[in-house]
There are 2 protein chains.
Amino acid sequence: MTSARGTGPDTGIKSTDTLISILEVLQSRDGAGVTEIAEELDRSKSTVHSHLQSLRAHRCIRKDGTTYRLGLRFLSFGGHACNRTGLLEIVRPEVDGLVEETGETAQMVVEEHGRGIYVCQSRGAEAVRTDSHVGTEVGLHCTAVGKAILAHLPEDRVREIADRHGLPPRTDETVTDLDELFAALERVRERGYAIDDGERIPGIRCVAAPVRTDDGVIGALSVNGPTKRLEGEYFREKLPSLVGRAARVVEINATYA
Amino acid sequence: MTSARGTGPDTGIKSTDTLISILEVLQSRDGAGVTEIAEELDRSKSTVHSHLQSLRAHRCIRKDGTTYRLGLRFLSFGGHACNRTGLLEIVRPEVDGLVEETGETAQMVVEEHGRGIYVCQSRGAEAVRTDSHVGTEVGLHCTAVGKAILAHLPEDRVREIADRHGLPPRTDETVTDLDELFAALERVRERGYAIDDGERIPGIRCVAAPVRTDDGVIGALSVNGPTKRLEGEYFREKLPSLVGRAARVVEINATYA
DNA sequence: ACGAACGTTCCTCGTGACCGAACCGACCCG
DNA sequence: CGGGTCGGTTCGGTCACGAGGAACGTTCGT
């Protein structure tokens, strides 16, 4: 069984391990007190307290009364991370365009360390409210964006990712078998786009197209919405063509920038 | 002069100090190598290296060939930080609305630790390209959003912030005197909105309105654009009324959520 | 007014962060 | 091809410093 000290890897600088585990607790609870964190991580209150003090001195967390919360400084770090290539500038108009054309939710997801991260999202007026937003992490095997990305990664890379993160089921529809996943990826390559039919959230369908440059896949664009609105010819023909076109525009702008 | 060990405070957990200083270097350079970071921070290569290894194991940074870069995981932390109240959900439509009405750039800025951080931004087709994006940090004294926020903070809080961060000049127009700043804040309170006329970036004007709830100011909304398009009655009357109306909508939705 | 629960401070001990130096591999010269 | 340079990576000893327990202060609720 895994150690009582959270779930993170125990490697390199130990203080960093505890630091990150504290951040993870803050993230999972939307803020917490010293005792709460200490118990969760099975560490002394004083240890947690001094870490929190240090993080606060660096403006990484904020203290509202007696509860500590993640700070906005991480947005600053993260913003730099995904804006360094000017990617957002290129992506936003296309994501907004997809929302205008469909009225649903559209987003751009980028792969990093075998996980998908939303870097841009736009929601239509009638769009369903999901819990996802910029910064949300998703597994690659259970989302359309994920499969669109995986389909264009080298096979051993896919195995490595599946090995590292597993294929945890999110709903009854989630692909949990590696061979089955590879078959799905083959279909994605044939069609040029990926779909997710309730594999992450029941009742939610999603169409995604990969965004590829000379460096390989840099991410995927997608539109998602309720199954009842996304069906028939619209779901099978129109939506893939809209998403695909947007993805190609991003590709072109990304390669000449 | 300042110490050779970066600029951060030396308090609490020392490893955290070095960790953050490394992140700061990565941020300021858009990625860097081990040696480069070690020299910048005046530390041994091995120290920097083990920190980088550790950060990478936690998916906080990525390694492209031989250069290390900030990772998207920070977006995940930051996203949680600014989305916990559902604020973004409320703000985005208003920011987008302002862009539609003006064609310029609009944004929401939130104060934290005496600095302003962009949590939402939208750019019109004709909007000027500035270097700001979600996650960008700005000083409060030299921006319209900042002054809109400061104007509704307690006076001692303002002094504290000015004391901590100073009033560094960004352009010839920047307010650098504390009394002058207080006078400006008084005008902001009278008018209900704040302006920035080239105080941060020459040739760029900005109109901002505070967003206040029972908890105090939670941030400010603003529109900015080139001086030549933002002038006369439009700048003095129309724009403030548009921005103010959007801010009030956010206020209402934020208090009943 | 009392007790409980929590955040904060203090102090002591054992360890892990730091460094220097050696190692390795890539790249660039002649 | 071979030597040199520049970068990243590995290794082991040392001593500052982070961990932890206990005591203290404060803020609740009753």
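So that the names make sense, note that chain A is the first sequence line, chain B the second, and so on, each numbered from 1. None of these values were measured; they are calculated from a predicted model.
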Worksheet entry | Worked check of side chain to side chain contact (heavy atoms under 4.5 Å, CB included) between A/Glu137 and B/Arg73 | CA-CA 8 Å; A/Glu137 287 186 49; B/Arg73 191 168 194 200; 3.9 Å; yes
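- Taking the side chain as every heavy atom from C-beta outward, A/Glu39 and A/Val48 never approach each other to under 4.5 Å.
- Summarising the geometry, the separation between CG on B/Leu41 and P on C/dA17 is reported as 17 Å, rounded to the nearest angstrom.
- Which of D/dC17, C/dT8, C/dG16 sits closest to the side chain of B/Lys14 comes down to D/dC17.
- Here D/dG7 presents its C1' atom at 14 Å from CG of B/Leu52, a figure rounded to the nearest Å.
- Note on B/Lys63: a side-chain N or O is less than 4.0 Å away from OP1 or OP2 of D/dT9.
- Distance from the side chain of A/Ser46 is smallest for C/dT9 among the nucleotides D/dA19, C/dC18, C/dT9.
- Between C/dC19 and B/Ser44, a contact under 4.0 Å exists linking OP1 or OP2 to a side-chain N or O.
- Atom pair A/Arg56:CZ and C/dT8:C1' shows a separation of 12 Å (rounding to whole Å applied).
- Between B/Leu72 atom CG and A/Cys82 atom SG the span is 6.0 Å, to the nearest 0.5 Å.
- The shortest distance between the side-chain N/O atoms of B/Thr66 and the OP1/OP2 oxygens of D/dG7 is not below 4.0 Å.
- Regarding B/Ile61, its CD1 atom lies at a distance of 12 Å from the P atom of D/dG8, rounded to whole Å.
- For B/Tyr68, whose side chain is taken as the heavy atoms from C-beta onward, the closest listed nucleotide among D/dT9, D/dG20, C/dT9 is D/dT9.
- In this structure, CG of A/Asp17 is placed 11 Å from P of D/dA19, rounded to the nearest angstrom.
- Nearest-nucleotide positions on DNA chain C place A/Gly33 closer to the 5' end than the other of A/Thr16 and A/Gly33.
- If you check every strand for non-hydrogen atoms under 4.0 Å, A/Thr35 touches sugar and phosphate atoms only.
- Using a 4.0 Å cut-off between charged nitrogen and carboxylate oxygen, B/Glu155 and B/Arg159 count as a salt-bridge pair.
- Separating the NZ atom of B/Lys45 from the C1' atom of D/dG7 is a distance of 6 Å, rounded to the nearest angstrom.
- For A/Arg43, whose side chain is taken as the heavy atoms from C-beta onward, the closest listed nucleotide among D/dG20, D/dC17, C/dA17 is D/dG20.
- Heavy atoms of A/Ser15 sit under 4.0 angstrom from primed sugar atoms or phosphate atoms, though from no base atom.
- Atoms CG (B/Leu19) and C1' (D/dG18) sit 15 Å apart, rounded to a whole Å.
- The side chain of A/Val34 lies closest to C/dT8 when the candidates are C/dC6, D/dG20, C/dT8.
- At a threshold of 4.5 Å between non-hydrogen side-chain atoms, the residues B/Leu185 and B/His152 do not count as touching.
- Under the 4.5 Å side-chain criterion, counting only non-hydrogen atoms from C-beta, A/Val175 is not in contact with A/Leu167.
- Atom CD of B/Glu36 is separated from atom P of D/dT9 by 14 Å (rounded to the nearest Å).
- Regarding contacts with the backbone of D/dG8, every side-chain N or O of B/His49 stays at 4.0 angstrom or more from both OP1 and OP2.
- Backbone-only contact: B/Thr18 has heavy atoms under 4.0 Å from sugar-phosphate atoms and none from a base.
- Among C/dC6, D/dA19, C/dC19, the nucleotide with an atom closest to any side-chain atom of A/His51 is D/dA19.
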